[in-house]
Amino acid sequence: MSEENNKRSKLLREIPSTSKIVDDPRCEALIQNYGRTNVTTVVRESLDALREEVLNGQDKSEKLEDLIGSVELKLRSQQTTLKSVVNATGVILHTNLGRAPLSKETTQAMNNINEGYSNLEYNLTTGGRGSRFDHLGTLLRRLTGAEDALILNNNAGAVLTTLAAICAGGEVIISRGQLVEIGGGFRIPDVMSQSGCILREVGTTNRTRASDYLEAMGPDTKALMRVHPSNFSIEGFTEEASLTDIVKAAETNDLPVIDDIGSGSLIDSSQFGLTHEPLLSECIKDGADLVLASGDKLIGGPQSGIILGRADLIARIRKHPLTRALRPDKGTIAGLIETLKHYEREEATTAIPIWQMISADTESLSARASEYVNAWKGNAAVMPHKSTIGGGSLPGQTLQTICCGLQLPQNQLDETVRTLRNLDTPIISVINDGRLLLDPRTVLPSQDHIVISGLRQVSQLIHP
Ligand SMILES: *Cc1c(COP(=O)(O)O)cnc(C)c1O
């Protein structure tokens, strides 16, 4: 017994002090990275745990080196903050993975503006006050033919602010087929009530005609609204009044039409075999008084909400307090300008990542999928599959793609997905039909090496 006690106290005595470890030169880099307080706390916790184990009868002694190693792992695992991941899911506008990745020029412009001062709200001609909302106006007018434009933090904010500024206290007429929930709990009826207007539903889920709008208009009506059914499609016996029909109906009472097109696009998506997503310019041309769209869906820019349309209505929205609350930051404005310039230079499909992905050809996808396959030590093959657009754009629409498919026993599938997801740079994959799929379409070509080394590393764990 006393021999056992001696052994315990010897083991306990051998445990170094917290300060001895923290002051060890090998901890210097950790302290630089994570801060002294954080490192000290984790070291103390690790030593307490070790002491506890020894007291509980375990013959444990750890080398200083191993202790520091486990402290580093623990510190790293505590960094649960935002990090870059590789999107191998084949969903291009993956809302959970941050929607649109940005072009080089866009991120550079954002960095430049964020790093220093800018003329964000300063007029360089007069030396007086300027407006952050003025920088994008000219470009958006040129690209869409709209009279004026305004940018807010996101499209949900744009819808809320527009309704509050234009329709509060009155009724807004909308088709029952368009009372959508976009995701993340954004429901059009809820937004209406938040903005202080009354929803007036017309038609039915599958059929709404121009006459339904005409019959519903009354003295309290402030606007007619159309909402793009972004994440579902109704099939079968359906009918929706066209924008032109709604505009005609609104004109009989001199009312504005608000068109929330959700994603919207600046180039024709049908050239890639997809259905035609409304173009911002078309909606303006067809007579919508206000057109609302997201900056980070098919436009492929930074998160923002774009409001286009009649100058007098935009002026009213600009004055509303919600515009101040939901104003975009300087980096967003700089980034959106750069993204829009790609359209002006007609280089969207070569410069904007989401259009590069949508227009990627089968040969290059196949070549990249083969490289992934070759990196896997085990059963893998190149196989056709479908990529989707996602992010509330083009519901049900797919693009033929070529994936790397890993054939694994059922019990290893989930584990492999998880292991890939827990790499330093996580690789997000999907399981389909008993295979683990990696779609090169949504992997940035500059990240291919991460997928290749990740697959090598994980296949060695699985097939040692
Ligand atoms: C996506 C979407 C929104 C919300 O836009 P965010 O930019 O995500 O805030 C609003 N309306 C429609 C129709 C949408 O598709």
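All ligand and atom numbering here is 1-based and tracks the order in the structure.
- When heavy-atom distances to ligand 1 are checked against a 4.0 Å cut-off, Arg99 comes that close only through its side chain, counted from C-beta outward.
- Distances between N or O atoms of Asp260 and those of ligand 1 include at least one value under 3.5 Å.
- A 6.0 Å sphere centred on CZ of Arg324 holds no more than 12 heavy atoms belonging to other residues, nucleotides or ligands.
- By the 4.0 Å heavy-atom criterion, Gln303 is excluded from the residues contacting ligand 1.
- Comment: Arg318 engages Asp134 in a salt bridge, judged by a side-chain N to carboxylate O separation of less than 4.0 angstrom.
- Ion pairing between Arg368 and Glu371 fails under the 4.0 Å rule for side-chain N and carboxylate O.
- Each of the following atoms of ligand 1 lies closer than 4.0 Å to a heavy atom of Ala156: 4 (C), 5 (O), 6 (P), 9 (O).
- Residues Pro440 and Leu438 share a closest heavy-atom pair of CD-O, 3.4 Å.
- Between Asp424 and Arg76, at least one side-chain N (NZ, or NE/NH1/NH2) sits under 4.0 Å from a carboxylate O, which counts as a salt bridge.
- At least one N or O atom of Ser294 sits closer than 3.5 Å to an N or O atom of ligand 1.
- With atom 10 (C) of ligand 1 as the reference point, the heavy atom nearest to it among Asp259, Asn155, Asn153 is part of Asn155.
- For ligand 1, the atoms lying closer than 4.0 Å to a non-hydrogen atom of His228 are 13 (C).
- When only interatomic distances are considered, the shortest N/O to N/O separation between Ser263 and ligand 1 does not fall below 3.5 Å.
- A salt bridge does not link Arg310 with Glu147: every distance from a Lys NZ or Arg NE/NH1/NH2 to an Asp or Glu carboxylate oxygen is 4.0 Å or more.
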